[in-house]
Amino acid sequence: MQPKEYVLLLGADQYLRERAFSGAKEAIGLPVWAASEDAVRRLNRTFDTMLSADPKDADSLLRAIRTHAARGWHPRVVVPLNDWTVDSANVVNRTLGLGGLDDTAVTNARNKHAMKQALLTAGVRTPRSRLVQSDEELLDAVEDLGLPVVVKPYDFGGSGGVVLATTREEALAALAESKGVIAQYGAAFNILGDKYLVEQFVDSDDEVSVEVLCGAGRAQVLAVTEKYLSPRPWFAELAHLVPSHRTGDEALTDLAVRACVALGIDRGLAHVEIKFGADGTPWVIEVAARPGGDGIMDQVERAYELNPYRLHVGSYLGVDLLGTVAAAVPVRTSAIAFLKAAPGRIRDVLDGKPLPPEVRSINIAAKPGDLSHAAKNWSTREGLVELEWDELFDAKTPLPVRVARDLSDQIFVTGEAAGA
């Protein structure tokens with residue numbers, strides 16, 4: 001019997017990853033499958049088939065894949081779309097002889113301490129850091145690195161547990177807060193959360209992310225995204241805008257490419273976060289071996305009229321698409337911004353007034369009775385709005401945050417304080 005093949009996407013059934021299905025279909029004319037721990041209760045009809053398997057667990061995936069192999073179905077490749085599936089996809093690919101990332105690249109992308117060491121060894125500019133577990137180790141790291149510092153889990157994402165500290169006391173409190181975030185979310189995301197990174201702080205709110213398509217020993221920048229951050233001491237992302245006015249900055253794009261090469265990422269899209277110091281010097285903060293989250297890929301597609309997931313999946317299939325990326329040019333500006341109610345209990349949600357003309361979509365997640373907290377990470381958002389302009393900005397514009405703030409003030413009626 002002729003084998004029947006499919007492409008398995010891990011994390012593609014996640015909200016704001018829906019366009020991965022279309023991208024995979026564009027990349028290859030095969031059925032596109034996804035995986036869910038309970039595909040019966042969480043069936044996503046977008047996909048041709050849903051495996052009943054934990055996408056974060058390689059053993060669970062292999063059992064489900066082998067069940068379907070007995071019926072003649074075999075994966076052409078397994079493609080990770082978020083941090084939590086990079087390792088499981090790689091194990092499955094390697095076990096089944098389907099290629100995949102090198103194990104060292106996976107470690108470098110998931111373990112922020114290993115990532116920092118690899119970047120420094122390759123001469124890529126990144127803040128110094130120390131790995132700690134206890135309060136005593138934390139204070140030793142503060143003594144070595146100097147204040148201020150950023151404290152963060154070494155294997156988490158979404159700005160979860162990332163806190164700025166300007167004093168020793170704040171550093172101790174930051175570590176406690178970071179540990180609390182891991183205690184709350186660690187099991188759900190299948191992460192260890194047993195160590196924390198203390199990192200020198202690049203004192204700036206000027207930050208971008210760079211989407212890079214990687215190949216063997218080379219890479220090509222697709223897009224630069226402007227990032228908008230919450231007030232300190234946290235680093236929640238309030239909005240993303242594509243393209244950044246820094247698109248075409250050769251020093252920036254060269255740094256992003258060198259970071260991906262240094263970590264050994266040789267396929268797929270990588271997401272590189274870079275901050276600029278007060279003197280304009282770019283510093284690599286983190287690198288992820290997967291496409292950008294938070295709806296950034298949707299904004300890239302609108303701005304460039306090119307589905308970036310096609311590039312990601314195509315690269316995993318062994319297609320050299322660096323030339324396609326090099327030729328990509330933005331034709332408009334697209335942004336996603338997150339709705340934020342004032343801290344307190346939400347008494348009412350008023351939706352129905354006319355929306356500004358630049359709004360392309362809006363999603364309100366909060367409901368009356370919910371508590372709104374200060375913007376700390378992805379979990380403290382009340383919704384999102386997507387925006388579009390028929391122009392390219394030559395400087396950082398406040399429009400995404402301004403529109404989201406005005407809409408939030410219009411939509412959410414907040415009462416008694418809930419505290420931070």
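Keep in mind the model is a prediction, meaning the values are calculated, not measured.
Proximity of the aromatic rings of Trp33 and Tyr6 is defined here by a centroid distance below 6.0 angstrom, and this criterion is met. Here the two rings, on Phe47 and Phe21, have centers that are under 6.0 Å apart. In this structure, Phe201 has its ring center no closer than 6.0 Å to that of Trp283.
Expressed to the nearest 0.5 Å, how far CD1 of Ile65 lies from NE2 of His74 amounts to 11.0 Å. A distance of 4.5 Å separates CG of Leu172 from CG of Leu139, quoted to the nearest 0.5 Å. We find the CD1-CG distance between Ile296 and Leu269 to be 11.5 Å, quoted to the nearest 0.5 Å. Between the OG1 atom of Thr167 and the CD atom of Glu169 there is a distance of 4.5 Å, given to the nearest 0.5 Å. Summarising the geometry, atom CZ belonging to Arg310 is positioned 12.0 Å from atom OG belonging to Ser315; distances are rounded to the nearest 0.5 Å. Atom CZ of Arg381 sits about 13.0 Å away from atom OG of Ser372, to the nearest 0.5 Å.
Between Val32 and Leu9, some side-chain heavy-atom pair lies under the 4.5 Å cut-off. Two residues are said to be in side-chain contact when any heavy atoms from C-beta on lie closer than 4.5 Å; Thr166 and Leu147 fail this criterion. The shortest distance between side-chain heavy atoms of Phe235 and Lys376 does not fall below 4.5 Å. Contact check for Arg94 versus Asp102: side-chain heavy atoms found under the 4.5 Å cut-off. In this structure, the side chains of Gln220 and Val257 stay at 4.5 Å or more apart for every pair of heavy atoms. Using a 4.5 Å cut-off on side-chain heavy atoms (C-beta onward), Leu81 and Leu10 make no contact. The side-chain heavy atoms of Thr225 and Val210, taken from C-beta on, include no pair separated by under 4.5 Å. Within the 4.5 Å cutoff, the side chain of Val7 has no heavy atoms near those of the Pro75 side chain.
Here the side chain of Thr247 pairs no donor or acceptor atom with the backbone of Pro243 at under 3.5 angstrom. At distances below 3.5 Å, not a single donor-acceptor pair connects side-chain atoms of Thr85 with backbone N or O atoms of Ser88. Put simply, the side chain of Asp266 never gets that close to the backbone of Gly215: no donor and acceptor are under 3.5 Å apart. Under a 3.5 Å cut-off, the side chain of Ser334 and the backbone N or O of Ala303 do not form any donor-acceptor pair. Proximity of a side-chain donor or acceptor of Lys116 to a complementary backbone N or O of Ile285 within less than 3.5 Å is detected. With hydrogens and angles disregarded, a donor-acceptor distance shorter than 3.5 Å links the side chain of Glu18 to the backbone of Leu16. Between the side chain of Ser60 and the main chain of Asp57, no donor-acceptor pair closer than 3.5 Å is present. In this structure a side-chain-to-backbone donor-acceptor pair under 3.5 Å is missing from Glu137 to Leu131. One N or O on the side chain of Asp320 and one on the backbone of Leu322 form a donor-acceptor pair closer than 3.5 Å.
Checking Lys275, Arg110, Lys152 one by one against Glu286, the salt bridge (charged side-chain N to carboxylate O under 4.0 Å, His left out) holds for a single residue, Lys152.
With 3.5 Å as the limit, one finds a donor-acceptor pair spanning the side chains of Tyr154 and Asp194. Using modelled atom types and a 3.5 Å distance limit, the side chains of Thr281 and Asp279 yield a donor-acceptor pair. Looking at Gln299 and His240, their side chains never bring a donor and an acceptor atom within 3.5 Å of each other.
Between Asp394 and Arg246 there is no salt bridge, since none of the side-chain N atoms of the basic residue sits less than 4.0 Å from a carboxylate O of the acidic one. Ion pairing of Arg402 with Asp406 is absent here, as no side-chain N (NZ or NE/NH1/NH2) approaches a carboxylate O to less than 4.0 Å.
Atom CZ of Arg42 has 12 or fewer neighbouring heavy atoms from other residues, nucleotides or ligands inside a 6.0 Å radius. By the neighbour-count criterion of 12 heavy atoms within 6.0 Å, atom CZ of Arg168 is sparsely surrounded, having that number or fewer from other residues, nucleotides or ligands. In Glu250, the CD atom is not crowded: 12 or fewer heavy atoms of neighbouring residues, nucleotides or ligands sit closer than 6.0 Å.
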| message | Let's go through Arg290 and Asp83 carefully: what are the C-alpha distance in whole Å and the side-chain angles of both, what is the deciding distance for salt bridge (Lys or Arg N to Asp or Glu O under 4.0 Å) to 0.1 Å, and is it a yes or a no? | response | CA-CA 7 Å; Arg290 44 78 179 167; Asp83 284 330; 3.0 Å; yes
request  = Quick one: do Ser36 and Met50 satisfy side chain to side chain contact (heavy atoms under 4.5 Å, CB included)? Show the steps, please.
outcome  = CA-CA 7 Å; Ser36 172; Met50 291 287 292; 3.6 Å; yes
If you apply the rule salt bridge (Lys or Arg N to Asp or Glu O under 4.0 Å), what do you find for Asp144 with Arg128, and how did you get there? CA-CA 10 Å; Asp144 175 38; Arg128 291 178 57 233; 3.1 Å; yes
Check your understanding: Are Asp13 and Arg17 close enough, and set up right, to give a salt bridge (Lys or Arg N to Asp or Glu O under 4.0 Å), and what steps lead you there?
Key -> CA-CA 7 Å; Asp13 58 334; Arg17 290 287 193 195; over 6 Å; no
Step-by-step side chain to side chain donor-acceptor pair (under 3.5 Å) determination, Ser408 to Lys340:
CA-CA 6 Å; Ser408 297; Lys340 192 76 207 78; over 6 Å; no
**Request:** Report the C-alpha separation of Ser129 and Glu199 in whole Å, then their side-chain angles, then the decisive distance to 0.1 Å, and conclude whether the side chain to side chain donor-acceptor pair (under 3.5 Å) test is met.
**Result:** CA-CA 4 Å; Ser129 61; Glu199 181 180 281; 5.3 Å; no
Can you check side chain to side chain donor-acceptor pair (under 3.5 Å) on Ser379 and Asn377, steps first, answer last?
-> CA-CA 6 Å; Ser379 71; Asn377 54 53; 2.5 Å; yes
Would Asp205 and Tyr228 count as a side chain to side chain donor-acceptor pair (under 3.5 Å) if you check the C-alpha gap in whole Å, the side-chain angles of each, and the deciding distance to 0.1 Å? CA-CA 8 Å; Asp205 295 321; Tyr228 300 79; over 6 Å; no
Q | Evaluation steps, salt bridge (Lys or Arg N to Asp or Glu O under 4.0 Å), between Asp203 and Arg232 | A | CA-CA 11 Å; Asp203 193 358; Arg232 301 172 184 179; 2.9 Å; yes
Could you go through residues 173-182 and list every donor-acceptor pair under 3.5 Å that involves a side-chain atom there, pairing it with any protein atom two or more places apart or in another chain?
{"unit_1": "Glu177", "atom_1": "OE2", "unit_2": "Trp234", "atom_2": "NE1", "d": "2.7"}
{"unit_1": "Ser178", "atom_1": "OG", "unit_2": "Gly161", "atom_2": "O", "d": "3.0"}
{"unit_1": "Lys179", "atom_1": "NZ", "unit_2": "Gln133", "atom_2": "O", "d": "3.0"}

Could you give the side-chain donor-acceptor pairs of residues 356-364 under 3.5 Å, partners two or more places apart or in another chain?
{"unit_1": "Arg360", "atom_1": "NH1", "unit_2": "Pro357", "atom_2": "O", "d": "3.0"}
{"unit_1": "Ser361", "atom_1": "OG", "unit_2": "Glu386", "atom_2": "OE1", "d": "2.5"}

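With sequence neighbours excluded, the residues satisfying side chain to side chain donor-acceptor pair (under 3.5 Å) with Lys56 are Asp54. Glu301 pairs by the salt bridge (Lys or Arg N to Asp or Glu O under 4.0 Å) definition with Arg19, not counting sequence neighbours. Shown here are the side chain to side chain donor-acceptor pair (under 3.5 Å) partners of Glu5, two or more places apart in sequence or in another chain: Arg76. Looking at residues two or more places apart in sequence or on another chain, you find no salt bridge (Lys or Arg N to Asp or Glu O under 4.0 Å) involving Asp59.
For Arg130 and Tyr196, the positive end is not near the middle of the six-membered ring at less than 6.0 Å and at most 45° from its axis.
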